[in-house]
Q: 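A single structure is presented below for examination.
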Amino acid sequence: MAEKIKAADLESGNILVYLKLQFMKEPVQENLLPLLWCLRDSVVKVPFIAEMSEEDKKRIMECAEGETFCNKDEVKLTADILKAQDDNRYFPIFSQDEQMPEDYRKNFTVIPITALDALKMAHGDKTVSGLVLDGFTFPFVVPFELADYMASLPSRIEED
């Protein structure tokens, strides 16, 4: 991976997927570091369950088609947590929408956030063991120890 990269080059998630697959094909440090650097600077997709107040739910049901709705109360977002076969729980992050099965994705509000923000959110849930990238296709588990190392890496995003 180049010394510096433009944020726009990471937007599609293609580079992240490529580096993940390279590491999975050959799991050596020379393939892990570029993956972690790319993930560190990437915006990932996180599936959330959005919970709104009963009053806002009632108001949205009364909206006419095409009418704009603005909630009055706070909307609570809770990330969907994925459980592995070994019973460990992971905070899900996805490189691209396509990495989520359609029937799964339609049940959530998918929000793009930085991988570093996702890591902070994951640390806020004491039941999880780390992150999982693309948990339904070719999952890459990132335990907190490795994720925290990733967070310590300097950004490679080119400044404008």
Side-chain angles (χ1 to χ4, degrees), residues 1 5-21 23-24 27 31-57 60 69-159:
M1 196 161 137
I5 191 166
K6 293 181 176 143
D9 293 337
L10 299 178
E11 284 179 7
S12 70
N14 290 338
I15 293 173
L16 183 56
V17 169
Y18 172 79
L19 292 171
K20 177 189 73 166
L21 294 175
F23 175 74
M24 294 178 83
N31 290 336
L32 178 61
L33 282 175
L35 172 57
L36 293 178
W37 242 305
C38 183
L39 182 58
R40 183 250 180 265
D41 288 330
S42 291
V43 172
V44 294
K45 313 294 176 91
V46 178
F48 289 98
I49 298 166
E51 298 175 44
M52 63 174 58
S53 70
E54 290 302 318
E55 184 178 305
D56 278 346
K57 285 180 190 175
I60 201 168
F69 171 79
C70 291
N71 58 301
K72 289 188 178 178
D73 300 320
E74 215 173 86
V75 175
K76 180 183 175 190
L77 295 175
T78 305
D80 185 42
I81 302 299
L82 299 181
K83 188 175 176 182
Q85 290 178 343
D86 63 3
D87 287 336
N88 282 322
R89 296 163 46 91
Y90 295 97
F91 190 96
I93 57 175
F94 294 89
S95 55
Q96 304 164 315
D97 285 338
E98 300 79 38
Q99 300 298 321
M100 288 178 263
E102 180 63 35
D103 60 332
Y104 173 81
R105 185 174 57 228
K106 72 180 181 183
N107 292 313
F108 298 97
T109 301
V110 178
I111 299 177
I113 64 173
T114 67
L116 295 179
D117 284 340
L119 176 59
K120 288 176 194 169
M121 294 176 80
H123 271 299
D125 185 337
K126 300 300 179 201
T127 70
V128 302
S129 300
L131 306 172
V132 61
L133 175 63
D134 299 336
F136 295 107
T137 52
F138 297 98
F140 174 60
V141 173
V142 190
F144 278 132
E145 182 178 328
L146 188 58
D148 292 339
Y149 173 74
M150 170 204 68
S152 75
L153 296 172
S155 175
R156 286 194 168 178
I157 296 294
E158 220 172 59
E159 297 296 322

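Worth knowing before you read on, the calculation uses all heavy atoms, side chains too, and leaves out hydrogens, waters and symmetry mates.
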Q: Measuring from atom CG of N31 to atom CG of L21, what distance do you get when rounded to the nearest 0.5 angstrom?
A: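 Here the rounded value is 11.0 Å.
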Q: For residues 115-125, dump all side-chain donor-acceptor pairs below 3.5 Å to protein atoms at least two apart in sequence or in another chain.
A:
unit_1: D117; atom_1: OD2; unit_2: T114; atom_2: OG1; d: 3.2
unit_1: H123; atom_1: NE2; unit_2: D148; atom_2: OD1; d: 2.7
unit_1: H123; atom_1: NE2; unit_2: D148; atom_2: OD2; d: 3.4
unit_1: D125; atom_1: OD1; unit_2: T127; atom_2: N; d: 2.9
unit_1: D125; atom_1: OD1; unit_2: T127; atom_2: OG1; d: 2.6

Q: Atom CH2 in W37, atom CZ in R156: separation rounded to 0.5 Å?
A: 4.0 Å
Q: Listing request: all salt bridge (charged side-chain N to carboxylate O under 4.0 Å, His left out) pairs with a residue in residues 89-103, at least two apart in sequence or in separate chains.
A: K45-D97, E102-R105
Q: Check F108 against Y104 and note the closest heavy-atom contact, atom names and distance.
A: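 Shortest heavy-atom separation between F108 and Y104 comes out as CD1-O, 3.1 Å.
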Q: In the structure I gave you, are the side-chain heavy atoms of L16 and L39 within less than 4.5 Å of one another anywhere?
A: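 The answer is yes, as the side chains (C-beta and beyond) meet within the 4.5 Å cut-off.
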Q: Can you tell me how far apart CD (E51) and CG (D73) are? Round to the nearest 0.5 Å.
A: 13.5 Å
Q: Measuring from S42:OG to I15:CD1, what's the distance to the nearest 0.5 Å?
A: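 So the gap between those two atoms works out to 8.0 Å.
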Q: side-chain contact (heavy atoms from CB on, under 4.5 Å), that's the test. Do I93 and V46 meet it? Break it down for me.
A: CA-CA 5 Å; I93 57 175; V46 178; 4.0 Å; yes
Q: Would you give the length of the straight line joining atom CE of M24 to atom CG of L35, rounded to the nearest 0.5 angstrom?
A: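 If I round to the nearest 0.5 Å, the distance is 10.0 Å.
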Q: With side chains defined as the heavy atoms from C-beta onward, is the minimum distance between Y90 and I81 less than 4.5 Å?
A: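 No - every pair of side-chain heavy atoms lies 4.5 Å or more apart.
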Q: Is there a side-chain contact (heavy atoms from CB on, under 4.5 Å) between F48 and T78 once you walk through the steps?
A: CA-CA 5 Å; F48 289 98; T78 305; 5.8 Å; no
Q: When rounded to the nearest 0.5 angstrom, what is the spacing between OH in Y149 and CG in L32?
A: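 Reported to 0.5 Å precision, the distance equals 8.0 Å.
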Q: May I have the list of side-chain donor-acceptor pairs in residues 129-145 shorter than 3.5 Å, sequence neighbours left out?
A:
unit_1: S129; atom_1: OG; unit_2: N88; atom_2: OD1; d: 3.4
unit_1: D134; atom_1: OD1; unit_2: S95; atom_2: N; d: 2.8
unit_1: D134; atom_1: OD1; unit_2: S95; atom_2: OG; d: 3.1
unit_1: D134; atom_1: OD2; unit_2: K20; atom_2: NZ; d: 2.8
unit_1: D134; atom_1: OD2; unit_2: S95; atom_2: OG; d: 2.8
unit_1: T137; atom_1: OG1; unit_2: Q99; atom_2: OE1; d: 2.6

Q: What residues, two or more places apart in sequence or in another chain, satisfy salt bridge (Lys or Arg N to Asp or Glu O under 4.0 Å) together with D80?
A: none
Q: Is there side-chain contact between N14 and Q96, with at least one heavy-atom pair below 4.5 Å?
A: yes
Q: What residues form a salt bridge (Lys or Arg N to Asp or Glu O under 4.0 Å) with D87, not counting sequence neighbours?
A: K83
Q: Write down the atom of L153, the atom of R40, and the distance for their closest heavy-atom approach.
A: O-NE, 2.8 Å
Q: Test of understanding: with side-chain contact (heavy atoms from CB on, under 4.5 Å), list the residues that count as partners of A50, not counting sequence neighbours.
A: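 By the side-chain contact (heavy atoms from CB on, under 4.5 Å) rule, A50 matches V75, L77, T109.
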